[in-house]
Each structure stands twice: as C-alpha cells, then as structure tokens.
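Okay, structure first, notes after.
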Amino acid sequence: MTPTVREASLQIMRERGLTTMFSNPGSTEVPFLAGLPDDFHFVLALHEGSVIGMATGYALAQGKTAFALVHTTAGLGNAVGAIATARVNRAPMVIVVGQQDRRHLALEPFLTGKLEGLAGDYPLEVISPARAADVPSSIGRAALTAEQGSGPVLVIVPMSDWLEPAESDAGAAAGTVSVSPSSAPAELSRVAEILASAKAPAIMAGSGNDTEAGWAALTGLAEDRQIPVWIEPFGSRAGFDQTHPLYRGQLPADRPRLRDALAGCDLLLVVGAAAIRQYPYTTGPLVPEGTRVIVLTDDPVQANRSPAELAIVGDPAMLCAALRDQLPETTPVAGQVDPATAPAKDAAAAYRLPAPADGEPLRAAHVFQLLAGLIPEDTILVEESPSSRPALQALVPARRPLGFLSAAMGGLGFAMPAAIGLKMGAPQRPVVAVVGDGSSMYSIQSLWSAAQSSVGVVFIVLANGGYAVMDRLAEQRDSKPAWPGFPQISVSTIASGFGVRARRVDNYADLSEVLEDAIGSAAGSTEPLLLEVAVAPDTTFAP
C-alpha cells in the first residue's frame with residue numbers, strides 16, 4: 001500500500017533523529033498525533049512558550065536538532081518569544097505548525113491561521129509545502145537548514161495533508177549534507193602578526209566558543225601567550241573556564257566601565273561572539289582609543305555587525321588552533337599574568353557576603369556562595385534572575401562547557417522549561433535553575449511537565465517580591481516605580497499544585513541544609529524539586 005504523508009513524514013523524522021516531540025497540540029494536530037508510534041516520545045507542555053523552551057534546552061544539551069509541534073495561530077503566537085530566544089541562543093529546531101484543512105482554506109474557516117509572517121524574522125526559514133506530498137521532504141529540508149544555521153525552522157502543515165498519499169519521487173531534500181570546514185583562511189596570518197606584535201592583548205570569549213574543542217583551543221592560545229581572558233557581557237553561555245588563572249571576569253555591559261576594564265589593552269581578540277554587546281546605552285566609543293578589535297566567529301551575522309578591524313567567519317576552535325600554530329614561539333611578556341605565579345583577579349570579591357546574623361534577611365549572594373561550594377563540576381546552571389545575574393556569574397563559575405546557560409534574547413520565561421529540556425537531553429548531568437520569582441511566572445506551568453515526565457531539575461527561586469531590575473532602573477532615573485510589588489505570590493505553593501515537591505526557605509541555617517541535600521542528589525534524581533528562597537532585593541544593578 002502507498003504510505004500516507006504522515007507515515008512518510010514519521011520515517012523522515014526517524015532518519016533525522018527527531019523522535020522526541022515537544023508539543024501543546026490542538027485539533028489541527030490530531031490527524032498527525034492520533035496513534036503515534038511507540039518509538040516516538042511525546043512530551044506535553046501546558047503552554048507553547050514552555051514547548052519551545054524545553055525543545056531549546058534539549059537541542060543545546062544534545063547538540064543536535066529538536067522537534068516541536070504547535071497549534072495554528074494561537075500556538076505559534078504564544079511561542080514567538082521563545083522562538084526568538086531559540087534563534088539567538090542558536091538552538092537548531094524543526095517546528096511544525098498545524099493549519100486548518102487545505103480543502104477549505106480559501107473560505108478561512110475557524111482556526112485558520114495567517115501563519116507565514118507571524119514569527120517575523122526569527123525563524124531561519126518558514127516552509128509552506130505547495131501540496132501535501134511535499135510535506136515529508138519539507139520536514140527533511142527543515143532539519144538540514146536548522147542544523148546548518150543553528151536555529152528554528154517552521155513547517156506549516158494543513159491538517160488534511162497528513163492522510164493524503166505520499167509520493168516516492170516527491171523528494172526535495174538531500175539525505176545527508178556535509179559542510180566541510182575550509183582550511184585556515186589567509187587572513188588568519190594577519191591576525192597572527194597583529195597578535196604577535198601586541199604589547200597588551202586581551203581575549204573576550206563568547207557563547208559560540210562553548211564546546212570542549214573551543215575551550216581547549218582557546219585555553220592553549222591564552223596560555224601560550226599569557227593573555228588574560230574575559231567573557232562577553234550578557235553571554236548566554238560560558239566560552240572559557242571561569243576558574244582558570246587567566247580568567248578576568250565578565251566585561252561590563254556599559255561603555256564607560258568597558259573602557260575602564262580594557263584600559264591599556266592594545267588588542268581585543270573576540271572569540272565566539274559579536275563585538276561587543278551592551279545594555280543600556282551610554283555615550284562614547286566602545287573600546288579605549290588605540291585598542292584594535294578582531295573577531296573570530298562561526299556566525300556571519302555576528303561578524304557583519306561587529307565594529308572590528310577584521311572579522312573571520314569559521315569554527316572558533318579550528319580558528320584558535322590554527323592561529324596558535326601560526327604564532328611564533330614566545331616567552332611570557334613582562335607585565336602579563338603568569339598563571340603559575342599570579343592568580344587571576346578575583347571577580348567574586350565584590351559580591352561576597354558574611355553569613356547573615358540572626359534576624360537579618362538572606363541575600364542572593366548568600367545563596368550563590370553556598371551553591372558554589374556544593375555543585376559538582378559538571379553541573380548545568382541555568383540562569384533567569386536578572387537583578388542578581390552579575391553576582392551569580394561571579395560567585396558560581398562555569399567549569400565545564402554548558403556549565404552556564406541563559407536566554408540570549410533577554411526575554412523572561414526561558415530558564416524553567418529550558419532546564420527541563422537540558423536535563424532530558426543530558427540526564428547524566430545535574431541541572432540547577434536559578435530563577436527570580438517574577439521570572440518564574442512566565443513559564444511556571446512547565447513545572448507540570450517536569451513532574452509528569454520525571455525530570456530531576458533543582459529549581460531555586462529567589463523570592464524578593466517584585467521586579468528588582470525594574471525598580472533599580474527607575475531609581476537610576478530618580479523616579480519611583482509605577483508598578484507594584486507582589487509579595488503575596490507563593491511560588492512554592494503553585495509548584496506543589498503542579499505536583500512538584502517544593503519548600504520555602506527564609507533563614508541561612510535551613511538554606512545551607514536544604515541546598516546540601518538537594519544538590520547532593522541532583523545528578524541521579526528523577527524528581528523535580530523547587531526551593532523558594534526569600535531574599536532581600538538587590539540594591540544595585542550594574543551588569
């Protein structure tokens with residue numbers, strides 16, 4: 001018998017490794033999902049933002065393309081913010097979007113979606129198959145595009161298409177596409193010359209270097225030349241070992257402090273990022289006068305928008321290794337850091353606090369200091385606590401690739417579902433999500449999916465009863481907030497309602513005990529745990 005479009009599509013998905021499906025479906029997806037074969041794993045989320053967030057975490061943990069299914073206009077509309085985050089976080093993903101029956105689309109029946117432009121420019125591509133028989137190859141092509149571009153691709157499928165007959169000769173996608181890396185570009189010799197002649201170079205490591213090969217190559221380059229290494233402002237991942245003696249901390253996200261940090265630097269080599277992400281805007285040049293900027297990235301969009309003397313597009317690990325080979329042998333330059341004798345600047349010093357006295361409130365830094373002493377080296381730490389992010393990154397260093405993950409887009413609602421997807425994709429690693437109470441409200445329903453699917457993430461919710469970042473920004477304008485706080489919200493109570501074991505903590509002794517128990521069992525746990533920690537709001541905001 002001739003297979004249906006659905007059967008042919010499922011086979012394509014098997015061949016592409018797309019057998020785990022994240023979804024919040026509706027009626028237009030029933031013809032595809034009814035009787036789903038047992039070799040497919042269906043993961044239900046209660047909101048489309050959580051669907052895409054979980055798929056994003058899964059894709060990043062697995063290092064390969066994830067599959068999501070959403071429901072026509074309402075589903076895609078709810079998912080757009082998360083799709084934007086997936087694009088900027090460079091998570092490869094095929095997103096199938098249901099559409100009404102093709103046979104009466106011209107009449108615009110109930111649940112018809114105007115879908116092609118709904119997600120804007122954030123998908124790498126939006127594919128609307130011209131006919132039902134083109135659906136299987138469209139899914140295959142979407143998987144290739146998602147992998148090559150490290151981002152989401154949409155495929156819009158009318159519900160009637162699934163049961164139409166497939167055509168064996170309707171293929172419009174390659175079985176395998178191999179993109180061979182080019183040899184080291186000729187311009188790399190120019191970079192080697194500039195670096196060899198620099199008196200006080202520095203490196204800024206970006207999210208695009210967050211791989212085992214990237215860390216190894218950049219570490220070798222930095223050690224050979226004794227170059228201090230910073231990480232990018234607002235990076236979504238750590239591109240360098242933050243416990244290494246050459247590590248300097250995170251570059252500031254405003255121009256005056258950035259110039260101060262790079263004072264005396266005559267060359268900034270940016271690896272795996274654009275040069276240089278900022279927030280908020282302040283006047284003046286990005287870098288000090290006389291500082292040359294060179295960018296090495298695998299993302300041409302990042303290269304194109306970088307105000308750099310030279311940008312080279314290629315795999316950062318390959319470029320760093322090739323650059324290292326082209327540099328002449330040297331001895332450490334006087335005045336530069338020798339990792340054997342001079343430890344890196346302690347980026348955490350400004351955030352460390354003594355344990356609170358009886359009656360004093362907990363602060364976010366207390367949580368992070370305890371956390372830093374407890375989490376294993378292979379922990380994946382997911383962040384969405386904007387007001388305390390600088391303290392978190394300073395006090396809890398990433399020691400392994402994928403040791404830190406945040407929403408590159410900056411929108412809220414990422415961390416909870418992403419942590420679930422990360423744990424599903426890397427079940428052998430402990431996963432800890434640090435989330436603000438305000439942030440948690442954007443995807444709180446994802447906790448149900450963690451409980452339902454037995455995903456052992458530790459969620460640490462910092463409850464300060466308001467939007468602390470917004471309050472601090474208002475204060476910087478000498479204004480009072482127009483928005484109220486929300487001290488009445490009990491995240492632990494909501495979590496319990498979703499079936500997640502939860503506890504609220506408001507003192508240091510309990511926090512120390514509870515954290516030790518939670519982190520000690522995180523690696524092998526199949527039960528999510530939420531700790532709501534009452535903290536005083538951060539009084540400053542200087543990312």
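All values derive from a computational prediction rather than experimental measurement. These values consider heavy atoms only, across backbone and side chains, with no hydrogens, waters or symmetry-generated copies.
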Q: Evaluate the side chain to side chain donor-acceptor pair (under 3.5 Å) criterion for residues Q302 and T297: first the C-alpha distance (whole Å), next the side-chain angles of each, then the deciding distance (0.1 Å), finally the verdict.
A: CA-CA 7 Å; Q302 287 183 342; T297 175; 2.7 Å; yes

(Q) Run E116 and S128 through side chain to side chain donor-acceptor pair (under 3.5 Å) and show every step you take. (A) CA-CA 8 Å; E116 279 75 6; S128 292; 2.8 Å; yes

Q. Side chain to side chain donor-acceptor pair (under 3.5 Å) between T243 and D241: does it pass, once the steps are laid out?
A. CA-CA 5 Å; T243 62; D241 180 357; 2.7 Å; yes

Q | V126 and I156: CA distance, side-chain angles, deciding distance, side chain to side chain contact (heavy atoms under 4.5 Å, CB included) verdict | A | CA-CA 8 Å; V126 178; I156 299 169; 3.8 Å; yes

Q: For the pair V191 and L310, evaluate side chain to side chain contact (heavy atoms under 4.5 Å, CB included) and give the outcome as yes or no after the intermediate values.
A: CA-CA 8 Å; V191 178; L310 173 63; 3.6 Å; yes

Q: Please lay out, stage by stage, how L319 and I312 fare under the test side chain to side chain contact (heavy atoms under 4.5 Å, CB included).
A: CA-CA 9 Å; L319 292 174; I312 298 179; 4.0 Å; yes

Q. How far apart are the C-alpha atoms of L154 and M93, what are their side-chain angles, what is the distance that settles it, and do they pass the side chain to side chain contact (heavy atoms under 4.5 Å, CB included) test?
A. CA-CA 9 Å; L154 270 57; M93 189 183 313; over 6 Å; no

(Q) Does S449 form a side chain to side chain donor-acceptor pair (under 3.5 Å) with S446? I'd like the steps, not just the answer. (A) CA-CA 5 Å; S449 297; S446 64; over 6 Å; no

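In plain terms, the two heavy atoms of P316 and G208 that are nearest each other are CG-O, 3.7 Å. For the pair A518 and L529, the tightest heavy-atom approach, listed with the atom from each and the gap, is CB-CD2, 3.4 Å. Taking both residues in full, the closest heavy atoms of I276 and M204 are given as CG2-SD, 3.8 Å, listed atom of the first, atom of the second, then distance. Pairing each heavy atom of S137 with each of D134, the nearest pair is OG-O, 3.2 Å. Of all non-hydrogen atoms in G214 and N209, the two that sit nearest each other are O-ND2, 3.1 Å. Across all non-hydrogen atoms, the minimal contact from L115 to T73 is CD2-N, 3.6 Å.
Judged by distance alone, with hydrogens and angles left aside, the side-chain atoms of Q99 form a donor-acceptor pair with the main-chain N or O of G113 at under 3.5 Å. Under a 3.5 Å cut-off, the side chain of E164 and the backbone N or O of A132 do not form any donor-acceptor pair. Within the 3.5 Å criterion, the main-chain N or O of V157 finds no donor-acceptor partner in the side chain of D161. Of the possible polar contacts, none joining the T28 side chain to the Q100 backbone as a donor-acceptor pair under 3.5 Å is found. Side-chain atoms of S306 never come within 3.5 Å of backbone atoms of A308 as a donor-acceptor pair (strictly under, hydrogens ignored). Side-chain atoms of R87 never come within 3.5 Å of backbone atoms of G151 as a donor-acceptor pair (strictly under, hydrogens ignored). Between the side chain of R400 and the main chain of E377, no donor-acceptor pair closer than 3.5 Å is present. Between the side chain of K423 and the main chain of A523, a donor-acceptor pair closer than 3.5 Å is present. Judged by distance alone, with hydrogens and angles left aside, the side-chain atoms of S207 form a donor-acceptor pair with the main-chain N or O of S236 at under 3.5 Å. Put simply, the side chain of E384 gets close to the backbone of A415: a donor and an acceptor are under 3.5 Å apart.
Residues R14 and D39 are paired through a salt bridge, judged by an N-O separation under 4.0 Å between the basic side chain and the carboxylate. Salt-bridge annotation for K114 and E108: present, with a side-chain N of the basic residue lying under 4.0 Å from a carboxylate O of the acidic one. Using a cut-off of 4.0 Å between Lys/Arg side-chain N and Asp/Glu carboxylate O, R90 and D298 are scored as salt-bridged. Using a cut-off of 4.0 Å between Lys/Arg side-chain N and Asp/Glu carboxylate O, R237 and E232 are scored as not salt-bridged.
With a 4.5 Å cut-off on side-chain heavy atoms, S406 and R389 count as touching. Looking at T65 and V94, their side chains come closer than 4.5 Å, going by heavy atoms from C-beta outward. L392 places none of its side-chain heavy atoms less than 4.5 Å from the side chain of S385. Proximity of F42 to S23: side-chain heavy atoms (C-beta onward) are separated by under 4.5 Å at one or more points. Side-chain atoms of V270 and L296, non-hydrogen and from C-beta on, never get closer than 4.5 Å to each other. Put simply, the side chain of P165 does not reach to within 4.5 Å of the side chain of T4, judged on heavy atoms. Residues V457 and V432 form no side-chain contact, since every pair of their non-hydrogen atoms from C-beta on lies 4.5 Å or further apart. Counting only heavy atoms from C-beta outward, the side chains of D101 and P109 never approach each other to under 4.5 Å.
If you take CG on L188 and CZ on R324, they are separated by 14.0 Å, rounding to the nearest 0.5 Å. We find the OG1-CG distance between T19 and L36 to be 10.0 Å, quoted to the nearest 0.5 Å. A distance of 13.5 Å separates CG of L447 from CZ of R501, quoted to the nearest 0.5 Å. Note that CD of Q242 and CD1 of I231 are 4.5 Å apart. Values are rounded to the nearest 0.5 Å. The structure places CG of L405 at 4.0 Å from CZ of F414, a figure rounded to the nearest 0.5 Å. Note that OG of S439 and CG of L462 are 9.5 Å apart. Values are rounded to the nearest 0.5 Å.
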For residues 54-61, which side-chain N or O atoms pair as donor and acceptor with protein atoms under 3.5 Å away, sequence neighbours left out?
residue : atom : partner : partner atom : Å
T56     : OG1  : I52     : O            : 2.7
Y58     : OH   : T20     : OG1          : 3.4

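Two rings, from F486 and Y467, have their centers less than 6.0 Å apart. Side-chain rings of Y279 and F234 approach one another, their centers coming within less than 6.0 Å.
Between the side chains of S496 and T493, no donor N or O sits under 3.5 Å from an acceptor N or O.
With respect to H71, the side-chain contact (heavy atoms from CB on, under 4.5 Å) criterion is satisfied by exactly one of L111, V51, N78, V97: L111. Screening D210, I203, T219 for a side-chain contact (heavy atoms from CB on, under 4.5 Å) involving F240 leaves a single residue, T219.
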